[in-house]
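Sequential numbering from 1 along the given sequence is applied to the chain's residues. This one's a predicted model, so the numbers in the text were calculated from it and none came from an experiment.
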Amino acid sequence: MTFKEKLEQEHPDRMDGEDAVGCPDNYGYETPEESIATCWELDCEACWNREIPETKRTAEAATPDGSET
């Protein structure tokens, strides 16, 4: 699942047509540091179309807010 697909499912009101509003860290999908590091390398569309890392999906499955404990 991509960050954009997750946003479409959880916050469809935060989509501007085909574009996501904000950054993945605004929704707790990754840390601000992770979003900033990616932002410097990719444009917004490419950033949102990244696959969510398996480790993040596993943590979210364990607890609804993605925390590890």
Linked, directly or transitively: V21 and I52 (ILVMFWY side chains, under 4.5 Å) = yes
Around E5, counting heavy atoms of other residues, nucleotides and ligands shown, do more than 12 lie under 6.0 Å from its CD?
-> yes
Hydrophobic cluster membership, M1 vs M15, 4.5 Å side-chain cutoff = yes
Ignoring hydrogens and angles, tell me if any N or O in the side chain of N26 forms a donor-acceptor pair with the backbone of C23 under 3.5 Å.
-> yes
Pick from E10, K6, E34: which one makes a side chain to side chain donor-acceptor pair (under 3.5 Å) with Y29?
-> E10
Say whether, by atom type as modelled, one donor and one acceptor occur between the side chain of D25 and the main chain of G28 under 3.5 angstrom.
-> no
F3 and C47 have their tightest heavy-atom pair at CD1-O, 4.0 Å
Cut-off 3.5 Å, side chains only: do E51 and T2 have a donor facing an acceptor?
-> no
E30 and R50 ion-paired at < 4.0 Å = yes
Of the non-hydrogen atoms in L7 and R14, which two are nearest, and what is the gap between them?
-> CD2-O, 4.0 Å
Could you check E18 against W48 for side-chain contact (heavy atoms from CB on, under 4.5 Å), going step by step and ending with a plain yes or no?
-> CA-CA 11 Å; E18 291 292 316; W48 276 103; over 6 Å; no
